[in-house]
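So the structure is just underneath, and the comments pick up after that.
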2 protein chains.
Amino acid sequence: MKIDPDTNIDLSAQIASSIRDLIVSGALIVDERLPSEAELAEQFEVSRPTIREALKRLAAQSLIRTQRGAFGGAFVNRLSYDDARTQLATTATLLLSMNEVSFDTACEARFALERACAPLVAERREEAQLAKMKVELEKQGESGLSDEDFCASDVAFHLALIDGAQNPVLSYHLSGSIEAMQPLMNMITYTARSRAEIIGIHSSILSGMEKQDGDAVVHDLERLENYTKKLAHTVMAEKRASREKTT
Amino acid sequence: MKIDPDTNIDLSAQIASSIRDLIVSGALIVDERLPSEAELAEQFEVSRPTIREALKRLAAQSLIRTQRGAFGGAFVNRLSYDDARTQLATTATLLLSMNEVSFDTACEARFALERACAPLVAERREEAQLAKMKVELEKQGESGLSDEDFCASDVAFHLALIDGAQNPVLSYHLSGSIEAMQPLMNMITYTARSRAEIIGIHSSILSGMEKQDGDAVVHDLERLENYTKKLAHTVMAEKRASREKTT
DNA sequence: AGACTTTTAAATGTCTGACAAATGAAAATT
DNA sequence: AATTTTCATTTGTCAGACATTTAAAAGTCT
């Protein structure tokens with residue numbers, strides 16, 4: 001193992017990249033221990049701090065974990081769905097906030113993805129999901145509920161929905177996207193939205209699932225998408241009006 | 001700014017986390033310069049190597065970039081779709097390889113996601129996408145094409161398809177998932193697959209798009225999913241048979 | 001005055017060496 | 001045999017130094 005010091009890329013980035021390749025390719029398997037920092041430093045012919053920076057890069061991606069003490073070291077980490085989901089939600093959030101994505105575009109993507117699993121969900125839904133959705137639906141009807149809690153319950157409702165597909169890979173992709181977009185939507189629309197309207201649609205989704213009617217669920221999700229977009233347009237129009245008034 | 005040294009968590013992880021929060025919350029905006037490593041070390045009351053490890057963690061997530069020299073430093077990075085896609089593909093690949101996801105589950109998720117954008121694609125597709133898909137389709141018919149190149153062209157075909165939705169958020173989620181899963185599928189099925197069969201379905205997808213017939217595209221994607229699953233089952237049955245023969 | 005070159009200061013990149021803290025194995029003791 | 005102590009190993013953190021890069025500032029020449 002050796003690294004090219006002539007390029008202007010960081011040594012730690014190169015080393016991280018070559019170790020990452022070993023993990024992704026399967027040459028290093030889950031729970032396998034990497035050589036100690038001192039040994040890696042020798043192998044790559046760099047100093048220990050450089051190796052450490054490389055390992056921290058990998059740790060930031062949850063590719064390795066480290067343990068102190070004798071027989072400690074860096075171990076290849078089994079990437080959990082939870083870790084992956086957290087990363088995806090962060091990335092998706094930043095992608096939206098930093099790239100001037102229009103509300104309609106984000107909204108369209110979120111609902112297109114959710115509708116993708118509606119047929120599977122309707123077919124496979126089990127009592128556990130239905131019960132969870134019922135609980136959230138009732139919570140959304142409570143009068144003392146804060147906007148934050150309503151939003152959180154909204155997210156929980158939709159996460160329960162997609163889990164109904166019984167497909168962890170699908171859940172991973174969708175939950176990341178929903179967790180990133182729902183707060184954004186909430187922030188924009190909470191002033192104008194009617195909880196009753198949303199609860200009505202949610203309730204209809206639930207009954208569609210009970211009847212295992214995928215088409216009905218798809219249709220309700222379309223209604224929800226349209227309602228959300230309409231709200232956003234209303235809010236934006238109001239903002240524009242009040243801005244023009246002050247100038 | 002101060003950090004708790006009494007917990008078991010690395011100082012560099014805590015510092016990275018608190019800077020990450022500033023970025024995600026918008027307190028630090030794109031292209032804003034962070035204090036120099038020496039200043040950060042003073043603010044957080046830790047040494048420079050610890051600060052550096054924290055910054056490398058953030059760099060690994062493409063949240064910051066660094067520049068050497070006077071007036072250099074660490075800057076909040078605008079997360080590009082490309083960076084985000086690369087990260088998602090790596091994460092999704094590892095999620096599949098490390099968590100014993102069945103082929104059917106991965107395959108189902110990949111096609112459910114792709115079908116999600118089929119209606120949008122059919123409606124909005126432009127000449128650029130159609131042309132790109134035509135090019136790939138012709139390439140797939142060339143007799144001298146290696147398995148690797150056929151697979152790469154397959155990926156390119158589907159990426160062009162989803163780009164037809166003209167929704168970068170959707171493209172991000174889908175391209176990551178396709179890039180992760182297609183090589184996996186290829187590895188499993190390349191021995192048994194019939195290129196003619198796949199090309200036939202691709203060709204049908206293309207004509208559906210030309211006619212802006214979303215339902216037809218969805219139907220063809222279902223055919224492709226079923227064919228892929230069937231291939232995988234065949235291959236696995238053969239493997240099982242040869243294993244039993246040797247024992 | 002304007003264009004070019006040189007200097008310089010500031011910042012990251014890397015290295016050396018050291019000590020602290022954790023941790024499990026092995027040795028010593030009861 | 002069970003418990004305690006010792007010990008070696010490894011990561012976590014620190015201090016200080018030098019190399020390298022970079023752009024601004026100063027200096028020089030036409």
Side-chain angles (χ1 to χ4, degrees), chain A residues 1-20 22-23 28 30-77, chain B residues 1-20 23 28 31-77:
Chain A
M1 291 207 254
K2 242 210 213 145
I3 292 296
D4 180 10
D6 291 346
T7 154
N8 35 9
I9 301 170
D10 292 2
L11 291 178
S12 69
Q14 293 179 54
I15 292 167
S17 173
S18 70
I19 296 177
R20 178 163 39 239
L22 294 177
I23 296 175
L28 290 172
V30 169
D31 292 334
E32 187 168 341
R33 183 179 173 280
L34 274 65
S36 72
E37 294 176 355
E39 286 170 320
L40 286 171
E42 211 175 343
Q43 286 181 28
F44 284 106
E45 300 179 15
V46 298
S47 68
R48 216 188 118 203
T50 302
I51 290 293
R52 282 184 61 80
E53 288 177 9
L55 294 180
K56 295 310 163 201
R57 295 179 114 108
L58 299 175
Q61 298 180 301
S62 305
L63 296 185
I64 62 168
R65 60 179 187 279
T66 55
Q67 204 172 4
R68 293 224 277 203
F71 298 78
F75 298 83
V76 177
N77 196 34
Chain B
M1 290 206 253
K2 234 201 218 153
I3 290 296
D4 180 10
D6 291 345
T7 157
N8 293 7
I9 302 170
D10 291 2
L11 290 178
S12 70
Q14 293 180 54
I15 292 167
S17 173
S18 71
I19 296 177
R20 179 163 38 237
I23 296 175
L28 290 171
D31 292 337
E32 188 169 341
R33 184 179 172 281
L34 275 66
S36 72
E37 295 176 354
E39 286 170 320
L40 287 171
E42 211 174 343
Q43 286 180 30
F44 284 106
E45 300 180 16
V46 298
S47 68
R48 216 188 119 205
T50 302
I51 290 292
R52 282 184 62 78
E53 288 177 9
L55 294 180
K56 295 311 166 203
R57 295 179 115 108
L58 298 175
Q61 297 178 300
S62 306
L63 295 184
I64 62 169
R65 61 178 186 280
T66 55
Q67 203 172 6
R68 295 225 280 202
F71 297 77
F75 298 83
V76 177
N77 195 34

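Note: hydrogens, waters and symmetry copies are ignored here, and every other heavy atom, side chains too, is used. Sequence lines set the chain letters: A, B, ... in the order given, protein chains first and strands last, and positions in each chain run from 1.
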Carboxylate-amine/guanidinium proximity below 4.0 Å for Asp10(B) and Arg68(A): no
Any N/O pairs under 3.5 Å between the protein and nucleotides 13-15 of chain D? List them or say none.
unit_1  : atom_1 : unit_2   : atom_2 : d
dT13(D) : OP1    : Leu11(B) : N      : 2.8
dC14(D) : OP2    : Ser47(B) : N      : 3.0
dC14(D) : OP2    : Ser47(B) : OG     : 3.1
dC14(D) : OP2    : Thr50(B) : OG1    : 2.7

Sole residue of Ser12(B), Pro35(B), Ser18(B) in side chain to side chain contact (heavy atoms under 4.5 Å, CB included) with Phe44(B): Ser18(B)
Classify Arg33(B) by what it touches in the nucleic acid, base, sugar-phosphate, or nothing, heavy-atom distance under 4.0 Å. sugar-phosphate
Between atom CZ in Arg68(A) and atom P in dT11(D), what is the gap in whole Å? 11 Å
Can you confirm whether more than 12 heavy atoms, excluding those of Glu32(A), are under 6.0 Å from its CD atom? yes
Is there side-chain contact between Asp31(B) and Arg65(B), with heavy atoms separated by less than 4.5 Å? yes
Closest non-hydrogen atom pair between Leu55(A) and Ile64(A), with its separation: O-CD1, 3.4 Å
Range on DNA chain C touched by chain A - first to last nucleotide, heavy-atom distance under 4.0 Å: dG13(C) to dA25(C)
Using side chain to side chain contact (heavy atoms under 4.5 Å, CB included) as the criterion, list what pairs up with Ser36(A), not counting sequence neighbours. Arg33(A), Ala38(A), Glu39(A)
Closest heavy-atom pair, Ile9(B) versus Gln14(B), reported as atoms and distance to 0.1 Å, is O-NE2, 3.1 Å
How far apart are the C-alpha atoms of Arg57(A) and Gln61(A), what are their side-chain angles, what is the distance that settles it, and do they pass the side chain to side chain contact (heavy atoms under 4.5 Å, CB included) test? CA-CA 7 Å; Arg57(A) 295 179 114 108; Gln61(A) 298 180 301; 5.8 Å; no
